[in-house]
Amino acid sequence: MSRRIVLLGAPGAGKGTQAAAIRERFGVPHISTGDMLRAAVAAETPVGLQAKAVMEAGQLVSDEIVIGITRDRLGEADCEPGFILDGFPRTRAQAEALDALLEELGRPLDCCLALTVDVEEVLPRLLKRAEIEGRADDNEESIRKRMREYEQKTAPLLDHYRQQDLVVEVSGVGTIEEVGRRIEEALS
Ligand code: AMP
């Protein structure tokens, strides 16, 4: 069964929710670079101070910063049995850095789980989340920017992982439970 998983999907595809469910089922940590960056912003660390405005504008934080925090996190003991990476990698440079790091650790990826959704589906979901959570980057302009960033920089990573024969595609359309069951079947 897969234990070292990269979760790819457009903003609003439900990655965070499904990653939390996978963590429960597989007993591996859920590593979200978005959550780590938001915590850094809240704590006003040097990384947080650098990332704040970029995140609010819906742009990508620099590869150097996110590669650094992910490398530190993957080196922690709880990642030995595996991990589910949510929101990383988002660029080719990040994907290559991850490959190199995992090779160094002798722990290659088992799978790239691609959660597919229709943009028409996603926009209302994000606007609803903006109302409920009040995330600083959930305004329409920032959401559109994040979609463009995804399409231009992150979606091409599917090819990177296809070349390694790691991609498992699952439809993210449906209830949380329906999507969760599809993921469970696909990963077992
Ligand atoms: P998320 O919670 O994954 O949607 O991430 C929220 C925001 O954090 C993104 O819009 C980016 O500004 C930033 N971020 C999170 N992960 C990354 C990453 N891997 N590379 C660059 N920026 C990131």
Side-chain angles (χ1 to χ4, degrees), residues 4-23 29-75 79 83-102 109 112-117 119 121-161 172 176 179:
R4 289 183 293 268
I5 305 165
V6 157
L7 190 54
L8 273 192
K15 292 191 300 294
T17 308
Q18 294 301 336
I22 294 169
R23 175 191 58 198
H30 166 202
I31 300 175
S32 157
T33 44
D35 285 350
M36 289 193 282
L37 289 166
R38 279 185 287 277
V41 170
E44 299 182 343
T45 65
V47 162
L49 294 175
Q50 271 180 276
K52 188 171 191 279
V54 178
M55 289 174 74
E56 283 176 7
Q59 290 166 342
L60 293 184
V61 173
S62 77
D63 286 332
E64 197 191 341
I65 288 182
V66 283
I67 289 169
I69 60 174
T70 306
R71 181 184 294 124
D72 290 348
R73 183 64 187 88
L74 289 177
C79 293
F83 50 78
I84 167 107
L85 269 175
D86 159 18
F88 181 96
R90 263 177 156 99
T91 64
R92 179 163 289 276
Q94 292 177 21
E96 285 169 0
L98 179 65
D99 287 348
L101 173 66
L102 294 179
L109 275 185
C112 166
L113 183 64
L115 213 48
T116 59
V117 284
V119 178
E121 259 294 289
V122 162
L123 208 60
R125 262 198 222 184
L126 285 176
L127 293 170
K128 192 167 157 210
R129 188 173 75 187
E131 263 174 51
I132 298 169
E133 293 180 10
R135 270 176 51 161
D137 58 354
D138 269 347
N139 58 71
E140 194 164 339
E141 195 187 325
S142 158
I143 289 169
R144 288 192 192 285
K145 179 70 188 160
R146 279 154 59 207
M147 285 296 179
R148 280 201 300 277
E149 293 278 56
Y150 177 78
E151 271 154 30
Q152 288 168 5
K153 296 177 184 160
T154 309
L157 298 185
L158 272 174
D159 275 340
H160 176 85
Y161 290 119
I176 292 172
V179 178

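Indexing begins at 1, ligand by ligand and atom by atom, following the structure's order.
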Could you tell me whether some N/O pair between Gly87 and ligand 1 is separated by less than 3.5 angstrom?
yes
Closest non-hydrogen atoms of Thr154 and Pro89, given as atom of the first, atom of the second and distance, are CG2-O, 4.0 Å
Closest to atom 14 (N) of ligand 1 by heavy-atom distance, out of Leu85, Asp86, Leu37, Val41, is Leu37
Distance from atom 22 (N) of ligand 1 to nearest protein heavy atom, with residue and atom
Val61 N, 3.1 Å
Give a yes or no on this: more than 12 heavy atoms of other residues, nucleotides or ligands lie within 6.0 Å of atom CD1 of Ile176.
no
Please list the nearest protein heavy atom to atom 8 (O) of ligand 1 with its residue and the distance rounded to 0.1 Å.
Met55 CE, 3.4 Å
Determine, for Lys52 against Glu56, whether the closest basic-nitrogen to carboxylate-oxygen distance falls under 4.0 angstrom.
yes
Which ligand 1 atoms are under 4.0 Å away from a heavy-atom of Arg146?
10 (O)
Between Thr91 and Lys153, is there a donor-acceptor pair closer than 3.5 Å when you use the side chain of the first and the backbone of the second?
no
Can you tell me which residue and heavy atom of the protein come closest to atom 12 (O) of ligand 1, and the distance to 0.1 Å?
Gln59 O, 2.6 Å
Answer with yes or no whether the side chains of His30 and Asp35 bring together a donor and an acceptor at under 3.5 Å.
no
Need the ligand 1 atom indices (1-based, order shown) with element for anything under 4.0 Å from a heavy-atom of Thr33.
15 (C), 16 (N), 17 (C), 19 (N)
With distance as the sole test, does Lys15 use its side chain to make a donor-acceptor pair with the main-chain N or O of Asp86 at under 3.5 Å?
no
Give the residue, atom name and distance (to 0.1 Å) of the protein heavy atom nearest atom 6 (C) of ligand 1.
Arg38 NH1, 3.5 Å
Do Gln94 side-chain atoms and Arg90 backbone N/O form a donor-acceptor pair below 3.5 Å?
yes
Taking a cutoff of less than 4.0 Å between a non-hydrogen atom of the residue and any ligand atom, is Glu149 in contact with ligand 1?
no
Under 3.5 Å between any N/O of Gln94 and any N/O of ligand 1: does that happen in this structure?
yes
Rounded to the nearest 0.5 Å, what's the gap from CD1 on Ile69 to CD1 on Ile31? Could you check?
10.5 Å
Of the protein's non-hydrogen atoms, which lies at the shortest distance from atom 4 (O) of ligand 1, and what is that distance?
Arg90 NH2, 3.2 Å
